[in-house]
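What follows is one structure encoded as structure tokens, with my remarks underneath.
Because only heavy atoms are used, hydrogens play no part in the values below, and waters and symmetry mates are left out as well, while side chains stay in. These numbers come from a predicted model, not from an experiment.
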Amino acid sequence: MKKNENRNQSLSRRRFFKQAAVAGAALALPSGLNRVWGGNTPAASKSTGNQTPAARGAVITARRVLGSGSAAMEVSALGFGVMGMTYNRSQHPGKRECIALLHEAVERGVTLFDTAIIYGPWSNERLAGEALSTFGDRICVTTKFGHEVVDGRATGRQDSRPATIRRYCEESLRRLRIDAIPLFYQHRFDPQVPVEEVAGTLGDLIREGKVLRWGLCEVGAETIRKAHAVQPLTAVQSEYHLMHRAVEENGVLDTCGELGIGFVPYSPMNRGFLGGCINEYTVFDEHNDNRPTLPRFQPEAIRANLRIVNVLQEFGRTRGMTSAQVALGWLLHQAPWIVPIPGTTKLSHLEENMRTLDFSLPAADWQALEAAVAAIPVVGDRYNAEQQRQVGF
């Protein structure tokens with residue numbers, strides 16, 4: 001009898017803690033968070049199954065505008081980089097799991113998704129097309145041309161001749177399963193083709209309705225001005241995060257602000273490093289990861305640069321933020337026309353990234369973080385010599 005009483009008490013305690021956990025989770029869901037960037041609000045949205053996305057987790061309602069005038073494009077305050085789902089980020093889930101996560105991102109309010117011809121090549125665009133084409137005008141899938149692809153392989157050369165741009169445009173439209181590309185970037189500057197000629201070709205494609213807007217990647221301020229004068233740019237995409245701030249120093253950000261051009265930081269967490277899950281013992285897939293080729297991802301550099309991650313973790317610890325949220329929050333604070341595009345293959349990381357919008361910090365806090373990070377020298381270049389040659393500044 002005593003044994004049964006103890007068992008019943010144990011079950012009662014178990015039920016109590018289970019009910020308390022469910023109740024606590026419900027109470028923990030934020031309500032009406034409209035802070036510095038608009039926040040995550042569990043507003044009414046399209047349901048999936050028996051739950052709305054808000055009931056499952058964070059929903060982005062905050063919007064930002066890339067570009068201005070006829071080149072303007074309103075998107076979610078955080079986008080989604082599709083690349084790592086299939087390309088250059090080691091092992092990844094199967095197609096079914098990736099599509100499910102992309103659908104989850106849409107249902108949670110993400111409207112900007114980024115891919116490129118070279119990711120694969122082609123396979124990443126195909127994934128984006130299969131997963132996202134059914135959402136129509138509800139979202140924008142951006143892609144990029146420029147890297148030469150011959151017989152399904154990247155040659156390492158650039159080709160932005162008008163005829164090539166047109167061919168790549170038609171092929172991307174088919175793979176993405178759309179009628180017009182919302183934003184078509186030149187992926188890398190082609191030294192053989194003046195940027196004014198590239199801009200003219202994109203202007204023709206825009207007038208023909210095959211492309212709606214265009215942008216540039218990894219170029220300098222002078223190139224941006226030349227291109228924008230021929231055909232207004234919607235966005236410039238470059239690497240930008242607390243460990244790489246060149247665009248603040250070379251005039252790119254100032255030029256974008258002056259001309260009303262949006263800015264899209266790729267690798268906003270330094271290829272996952274600022275998220276705190278990478279150390280000197282991390283093993284990357286040498287067949288599907290470019291990080292082992294980068295000086296900054298050599299074991300000795302990782303070991304030294306972890307001091308920067310520690311600063312982000314310490315900063316976030318007293319504010320309830322993860323280091324990933326600190327990295328993204330800092331970027332969002334820099335300007336209202338900046339839209340980072342973190343990528344992931346994990347629902348938990350999607351939730352973590354989106355929850356960044358729940359935090360509102362004073363400018364003095366961000367300045368203190370910058371000062372703490374700046375005091376630590378970054379070890380290792382971001383690119384090897386071959387890849388750096390492809391950057392247009």
Restricting to non-hydrogen atoms, name the atom on Thr356 and the atom on Asn353 that form the minimum distance, rounded to 0.1 Å. OG1-O, 2.8 Å
Using salt bridge (Lys or Arg N to Asp or Glu O under 4.0 Å), reason through Arg174 and Glu125 one step at a time and then give a plain yes or no. CA-CA 9 Å; Arg174 286 195 293 272; Glu125 276 193 332; over 6 Å; no
Rounded to the nearest 0.5 Å, the NE2 atom of His241 sits from the CG atom of Leu328 at a distance of 11.5 Å
Atom CD of Glu286: over 12 foreign heavy atoms under 6.0 Å: no
Verify, without hydrogens or angle tests, whether Thr111 (side chain) and Ser76 (backbone) share a donor-acceptor contact under 3.5 angstrom. yes
Could you tell me whether Arg126 and Glu130 have a side-chain N and a carboxylate O separated by less than 4.0 Å? no
After noting the C-alpha distance and the side-chain angles of Phe359 and His333, does the key distance pass the ring pair (Phe, Tyr, Trp, His ring centres under 6.0 Å) rule? CA-CA 11 Å; Phe359 298 94; His333 175 75; over 10 Å; no
With a 3.5 Å distance limit and no angle check, can you tell me whether Ser172 reaches the backbone of Cys169 through a side-chain donor-acceptor pair? no
Do Leu212 and Leu216 share a hydrophobic cluster (ILVMFWY, side-chain heavy atoms under 4.5 Å, transitive)? no
Which heavy atom in Ala105 sits nearest to a heavy atom in Phe80, and how many Å separate them? CB-CD1, 4.1 Å
Determine, using the 4.5 Å side-chain heavy-atom cutoff (strictly less than), whether Val230 and Leu202 are members of one ILVMFWY cluster. no
Quick one: which of Leu112, Leu332, Leu78 gives a side chain to side chain contact (heavy atoms under 4.5 Å, CB included) with Arg64? Leu332
Is the backbone N or O of Leu127 less than 3.5 Å from a side-chain atom of Asn124, with the two atoms forming a donor-acceptor pair by type? no
Without hydrogens or angle criteria, can the side chains of Asn290 and Arg89 be said to hold a donor-acceptor pair below 3.5 Å? yes
Throw together a table of side-chain donor-acceptor distances under 3.5 angstrom for residues 307-314, partners on residues two or more places apart or in other chains.
from, atom 1, to, atom 2, distance (Å)
Arg307, NE, Ala304, O, 3.0
Asn310, ND2, Leu306, O, 3.4

When you measure from the side chain of Thr115 to the backbone of Thr143, do you find a donor-acceptor pair of N or O atoms at a distance under 3.5 Å? no
So, for Ile302 and Ile278, which heavy atoms are closest and what is the spacing to 0.1 Å? CD1-CG2, 4.2 Å
Main chain of Gly380, side chain of Arg296: is a donor-acceptor contact present, judged purely on distance under 3.5 Å? yes
Should Leu294 and Phe273 be counted in the same cluster of Ile, Leu, Val, Met, Phe, Trp and Tyr side chains packed under 4.5 Å apart? yes
Please check this pair: side chain of Trp214 against backbone of Leu205, looking for a donor-acceptor N/O pair closer than 3.5 Å. no
Drop me the distance from Met73's CE to Leu183's CG, to the nearest 0.5 angstrom. 4.5 Å
Show, in sequence, the C-alpha distance, side-chain angles and deciding distance for Val326 and Trp366, and conclude whether the side-chain contact (heavy atoms from CB on, under 4.5 Å) test is met. CA-CA 9 Å; Val326 172; Trp366 295 120; 4.3 Å; yes
Is Lys346 salt-bridged to Glu352, going by a charged N under 4.0 Å from an acidic O? no
Is it true that Lys144 and Glu218 have a side-chain N and a carboxylate O under 4.0 angstrom from each other? no
Roughly how far, to the nearest 0.5 Å, is OH of Tyr168 from CD1 of Ile181? 13.0 Å
Restricting to non-hydrogen atoms, name the atom on Ala227 and the atom on Leu233 that form the minimum distance, rounded to 0.1 Å. CB-CD1, 4.2 Å
For Pro299, the side chain to side chain contact (heavy atoms under 4.5 Å, CB included) test, sequence neighbours excluded, returns Glu280
Is there a path from Ile165 to Trp122 through hydrophobic residues (I, L, V, M, F, W, Y) whose side chains come within less than 4.5 Å of each other? yes
Side-chain donor or acceptor of Asn88 paired with backbone N/O of Asn288 under 3.5 Å: no
To the nearest 0.5 Å, what is the distance between OG1 (Thr142) and CZ (Arg213)? 11.0 Å
State whether the side chain of Asn305 and the backbone N or O of Ala301 hold a donor-acceptor pair below 3.5 Å, judged by distance alone. yes
Going by salt bridge (Lys or Arg N to Asp or Glu O under 4.0 Å), name the pairs with one or both residues in residues 269-279, residues two or more places apart or in two chains. Glu239-Arg271
Determine the sole option in Thr282, Asp289, Thr345 for which the side-chain hydrogen bond (donor to acceptor under 3.5 Å, both in side chains) test with Ser90 is passed. Asp289
Would you list the atom pairs, donor with acceptor, under 3.5 Å between side chains in residues 253-261 and any protein atom, with sequence neighbours excluded?
from, atom 1, to, atom 2, distance (Å)
Thr255, OG1, Gly251, O, 2.7
Glu258, OE1, Arg225, NH2, 2.6
Glu258, OE2, Arg225, NH1, 3.2

Please report the C-alpha distance between Leu173 and Ile178 in whole Å, then the side-chain angles of each, then the deciding distance to 0.1 Å, and finally whether the side-chain contact (heavy atoms from CB on, under 4.5 Å) criterion is met. CA-CA 5 Å; Leu173 287 170; Ile178 53 179; 4.0 Å; yes
Stepwise side-chain contact (heavy atoms from CB on, under 4.5 Å) check, Leu101 with Thr344: CA-CA 9 Å; Leu101 185 60; Thr344 185; 4.2 Å; yes
Do Ile117 and Arg175 make a side-chain contact, defined as non-hydrogen atoms from C-beta onward lying under 4.5 Å apart? yes
Sequence neighbours excluded, which residues qualify as salt bridge (Lys or Arg N to Asp or Glu O under 4.0 Å) partners of Arg245? Glu248, Glu370
Side-chain heavy atoms under 4.5 angstrom apart, residues restricted to Ile, Leu, Val, Met, Phe, Trp, Tyr: same cluster for Phe284 and Met83? yes
Qualifying side chain to side chain donor-acceptor pair (under 3.5 Å) pairs with a residue from residues 157-166, counting only residues at least two apart or across chains: His147-Gln158, Glu148-Arg157, Asp159-Arg161, Asp159-Thr164, Ser160-Gln186, Arg166-Glu208
So Phe113 and Leu102, side-chain contact (heavy atoms from CB on, under 4.5 Å) or not? Walk me through it. CA-CA 9 Å; Phe113 294 84; Leu102 289 169; 3.9 Å; yes
Could you report the tightest heavy-atom contact between Val65 and Gly67, atom names first, then the distance? CG1-O, 3.5 Å
Looking at His92 versus Tyr87, is the centre-to-centre ring distance below 6.0 Å? no
Look at the side chain of Glu197 and the backbone N and O of Pro194, then say whether any donor-acceptor pair between them is shorter than 3.5 Å. no
Side-chain heavy-atom pair Tyr119, Val82 within 4.5 angstrom cut-off: no
Could you report the tightest heavy-atom contact between Leu350 and Arg108, atom names first, then the distance? CD2-CD, 4.2 Å
Close side-chain approach of Leu361 and Phe315, heavy atoms under 4.5 Å: yes
Kindly compute the distance separating OG1 (Thr201) from CZ (Phe145), expressed to the nearest 0.5 Å. 8.0 Å
Val379 and Glu300, any side-chain heavy atoms less than 4.5 Å apart: no
Donor-acceptor pair, Thr155 side chain versus Val149 backbone, under 3.5 Å? no
Working to the nearest 0.5 angstrom, can you tell me the gap between Ser133 OG and Asp179 CG? 10.5 Å
